[in-house]
Every structure is written in C-alpha cells, then in structure tokens.
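Below is one structure; the comments refer to it alone.
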Amino acid sequence: MTPNQVNSASESIRLNKGVGPSMKKVCVVDPSGRWLGKWNENFDRLGIEYLRSPALAHPDHFDINSLLAYAISNDREDELVGLWKLPSTELFRDFCVHLAKQLKHDFVKGMAVDLTRNDDNNDGAEDDESYYTVTLADGSEITCKYVVLALGPTGTPVTPSKLCNVPKDRLIQWPRMKEHLNSHHKRVLVVGGGLTAVQVAQYCLRSGRKVVLCSRRPLVERHFDIDTCWFDKRSANLQIAEFYHQSEAERLAALKEVRGGGSVPPIYMNDVRKWQASGELSVLDGVEPEYLESTADGKVVVGMGKDQMTFDFIILACGIKPDCTENQLVLSYKEKCPLKMVGGFPSVSVDLEWSKNLFVVGALASLNVGPDSGNIMGARRAASIVANALECKAWLRDSDSRGALSNRFDQLFWDEEDSSDSDCD
C-alpha cells in the first residue's frame, strides 16, 4: 500500500468509529433556559427533599452506578437514604448538571410553538433532504433533521365534576397554589389520592394551615408508583415484552391498572399519621366532595357524604387526563400532518417514531415504553431506543463512504495516481 492509501484507509476507519451521537449536533430547547427547569420548579414548590426513585434511577445510560459513584466521590453518601438509597433533591440535581456538562449540545432558552416539515405535502416518501423547522415564541427558528419531543406529562388537569361550580378564586390546580394562597386561607381542602396530593397537604400544614385531605379511595402505601417487577432486572424485560405484545387498547388499560390512582411511600405515610395525631390534618377516603354554596364572606361549603364542611380554599391534585394536543407545539403540527393517537397518547413505532423523523420520549411514549415511561428509568430506556434509531438511520443513509451500505474497503483500491507510482513495468 502506498502512503496515500494508508492515510485514506486510516481516515475512513477514524470516521467510521466516529459515527454516532458524537457526530451529531444536538440542540435543546426549554422555556426555563436550564436543565431540569420544570422539575426544579415543582420540587421547590412542594418542598420535596428526597426523590421517590432509587439511586440506580438516573439519566446516565452508560453507567448504572454513576449516581452512587458521584455521591461517594463528593463525600455525599449521607444524602442517600433508606434501603433503596433514595437520593436527596440537591444530590440528584447536582449530578444531572454534572452529567450535562459532559454532553456536547447547544441550549436555547425559548418556548417552541410551531413545528413544520419542508416536505409535509409530498407523498411521504423518504427524502434525505427533508428537515424540520421549529419556531419559538419570539419568532426565531431552528432547522433540524430530527425532532425529539420530551414534554413531560401532557393533558388536561382533572377537576371533579361536583366541584366545577366552585368560584374560580377559591379553587386552583396545585401547580399554581403558591401564587393564590394567602394568609386568610386558614382551612384548606386538598383533593387527590396520590403522592402529589400528600405533598400539597404537607406544604399547607407546614405553613400553619389546617388541612382536610379527601380521596375517593383509601391512600395506598407503596414504595414506588409501580410494582418493582417493572424495574427489577430479573423480571423487567418480561414485563415490558408482555406489555408491548398487547394491542394499543389493551396497553392503555394496562397503564391505568398498573399505576392505579396513585400511591404514597412509607416515609410520607408516617408523616401523614403524625399530622393526623396532631389534629391539624384529617384524611377522608371513599368520599366525593360536592360544592354546595358559598358563604357571605366567600368561604366554600362542601358536602362530604352526609356531612358539610367549610373551607377557605380548595386545591386539586387529581392528576391529568392524557391529551398530547394540549401542547401548542404538538397541536400546531397535528394541524399540518395527520398524527395517530390512542387515549390521548401518541401512537408510535417500535422506535418511538410518531411521524417521519419525529420521535417522542417520556410520558408521551407510554403506549410503547410502558407504565414507567414517565419515570426516570422509563425515560432513560426511551432515550436509548431513540438514540439507537437515529444512529441506524444516519449509518444506513449516509451518502458518503461511511455509510453502512457502502464498501468500507473502497479506499484500499488502487487509483490511477497510485498505480503510476508502482515499480511494475
């Protein structure tokens, strides 16, 4: 081989090794302008000190023990509590920031409000020249080959039908409670039967209010929001496989069955019992609250079965009804391109592809990933699926010599220039 051939072959091998995420430009768009913006906001609002997920649940797909290693290397092992080593909010937040610094990406602060594809009006055939344009609220645009939607739970907050007529200044969904609660609201009704409802009740109790926590059924005490068989490595693959081989309608029903109506970890239930013993918290289950009337001074009278109670304020923590079109970006694209949905969730391919080169992860991928899709471990699994799909597409469709369908030994063939240097007559 001549020096030119050696150099060409070496360069070809180097480029082939480089195929993958490192060869791609990644741009993250988020309204907060920082990693975990919404997560931080919700955790700070509720005063959550520890995650519900174990230390093995984190975004690093390449090292299952990286969060543990981070805690140990920074002398923060005391921030991992209990048998499952639940990480503190601060530890998990710092770990994620540390991890993000190692990833090559651009971060754009902005709200994505519109999505278009340049070939939306063609016959849908694959086109290497197709691209998306993401428009932000300020009018700026980002052009990209692929789009991954990681929007979190998307839908309509649930309001119990018998509370719909409560005056708007006395009824609020929990994410806006801090902005609306004031010093005059001394007695509060919290409606919901999951962990968020308990956390809302705790927030109100810590601020000196009396609270009634009302749930349609008794609070379910459980370490995690789904059974451990879904993330135990001895059984997880079987659970996921059985889930995936059902019809979409069956999967939708399975999502509701597995997650139930929410559950509360033992550490929180212990706190609930302490507040009950103090007389500051009352827990009512099996009761559907019904708005009856408002008093002259604006208080709300609510029927609780055979009893009536008066409250200064009502906070709802009843979850959401899935509907991805509640997101402006999704709605804008659905108006341009048909998108299939089932039960408010995107109906996607095995690669989590919703439309050509448009992927979903997190809660949006629930119909394919499973009931843990909105959790850290499910989101990590979805991210891996999408990353593999993008890798394969880039590898197979690359038009230059690095493509999987090309001959990787082309660079070894003699060319005219090299043959002229031969000693052969």
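When a residue number appears, it is its place in the shown sequence, counting from 1.
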Phe224 ring center within less than 6.0 Å of Phe231 ring center: yes
Side chains of Leu115 and Thr133 in contact at under 4.5 Å (non-hydrogen atoms): no
Side-chain ion pair, Glu179 and Arg176, N-O less than 4.0 Å: no
Trace of the side chain to side chain contact (heavy atoms under 4.5 Å, CB included) decision for Ile172 with Leu316: CA-CA 6 Å; Ile172 202 71; Leu316 302 178; over 6 Å; no
Test item: side-chain donor near acceptor, Thr228 and Arg222, under 3.5 Å: no
Any side-chain heavy-atom pair of Leu86 and Ile267 under 4.5 Å: no
Check: His105 ring centroid to Trp35 ring centroid under 6.0 Å: yes
Under 3.5 Å: donor-acceptor pair, side chain of Arg251, backbone of Leu367: yes
Minimum-distance pair of heavy atoms, taken over all atoms of Ser130 and Asn118: CA-OD1, 3.1 Å
Pairing residues for Asp232 by the side chain to side chain contact (heavy atoms under 4.5 Å, CB included) criterion, not counting sequence neighbours: Arg234, Ser235
Glu49 CD: over 12 foreign heavy atoms closer than 6.0 Å: no
Proximity of Phe92 and Trp39 rings by center, below 6.0 Å: yes
Trp84 and His223 aromatic ring geometry - parallel, tilted or perpendicular at 30°/60° bounds: tilted
Heavy-atom pair with the smallest gap, counting every atom of Leu67 and Ala55: CD2-O, 3.4 Å
Lys/Arg-Asp/Glu bridge criterion (N-O < 4.0 Å) met for Glu221, Arg273: yes
From Glu335 atom CD to Thr116 atom OG1, the distance as rounded to the nearest 0.5 Å: 12.5 Å
Main-chain N/O of Ala69 paired with Ser73 side-chain donor or acceptor, under 3.5 Å: yes
Separation between CD of Glu141 and OH of Tyr132, rounded to the nearest 0.5 Å: 15.5 Å
No-hydrogen, no-angle side-chain donor-acceptor test under 3.5 Å, Ser32 and Arg34: no
All pairs passing salt bridge (Lys or Arg N to Asp or Glu O under 4.0 Å) where residues 309-328 contributes a residue, at least two apart: Lys299-Asp312
Nearest heavy-atom neighbours spanning Leu51 and Ser88: CD1-O, 4.0 Å
Derivation and outcome, side chain to side chain contact (heavy atoms under 4.5 Å, CB included), residues Leu46 and Val200: CA-CA 6 Å; Leu46 294 173; Val200 169; 3.8 Å; yes
Derivation and outcome, side chain to side chain contact (heavy atoms under 4.5 Å, CB included), residues Cys204 and Leu181: CA-CA 9 Å; Cys204 294; Leu181 280 175; 4.1 Å; yes
Using a 3.5 Å cut-off and no angle test, enumerate the donor-acceptor pairs between side-chain atoms of residues 148-160 and protein atoms at least two apart in sequence or in another chain.
from, atom 1, to, atom 2, distance (Å)
Thr154, OG1, Gly152, O, 3.0
Thr159, OG1, Gln173, NE2, 3.3

Minimum side-chain heavy-atom gap Trp354-Phe359 below 4.5 Å: no
Residue pairs involving residues 275-286 (criterion salt bridge (Lys or Arg N to Asp or Glu O under 4.0 Å); sequence neighbours excluded): Lys210-Glu280
Short side-chain to backbone donor-acceptor contact, Arg259 and Asp225, under 3.5 Å: no
Test: Lys25 and Asp106 ion pair at under 4.0 Å: no
Parallel, tilted or perpendicular: ring planes of Trp230 versus Phe243, cut at 30 and 60 degrees: perpendicular
Over 12 non-hydrogen atoms of neighbours within 6.0 angstrom of CZ in Arg216: no
Short side-chain to backbone donor-acceptor contact, Ser247 and Glu250, under 3.5 Å: yes
Over all atoms of both residues, closest heavy-atom pair of Val113 and Gln328: O-CG, 3.5 Å
Minimum side-chain heavy-atom gap Leu205-Leu281 below 4.5 Å: yes
Spacing of OG belonging to Ser373 relative to CG belonging to Asn368, to within rounding of 0.5 Å: 9.5 Å
Salt bridge Asp44-Arg93, side-chain N to carboxylate O under 4.0 Å: yes
Contact list for residues 172-207, test ring-ring contact (aromatic ring centres under 6.0 Å, His included), sequence neighbours left out: His185-Phe313
Residue pair Ser282 / Gln276, side-chain donor-acceptor N/O under 3.5 Å: no
Heavy-atom closest pair, residues Arg117 and Lys356: NH1-CB, 3.5 Å
Check: Ser332 main-chain N/O paired with Lys336 side-chain donor or acceptor under 3.5 Å: yes
For residues 377-387, which side-chain donor-acceptor pairs fall under 3.5 Å, sequence neighbours excluded?
from, atom 1, to, atom 2, distance (Å)
Arg380, NH1, Leu56, O, 3.2
Arg380, NH1, His58, O, 3.0
Arg381, NH1, Asp372, OD2, 3.1
Arg381, NH2, Val369, O, 2.9
Arg381, NH2, Asp372, OD1, 2.8
Arg381, NH2, Asp372, OD2, 3.4
Ser384, OG, His61, NE2, 3.4

Heavy atoms from other residues, nucleotides or ligands near NZ of Lys178 exceed 12 (cutoff 6.0 Å): yes
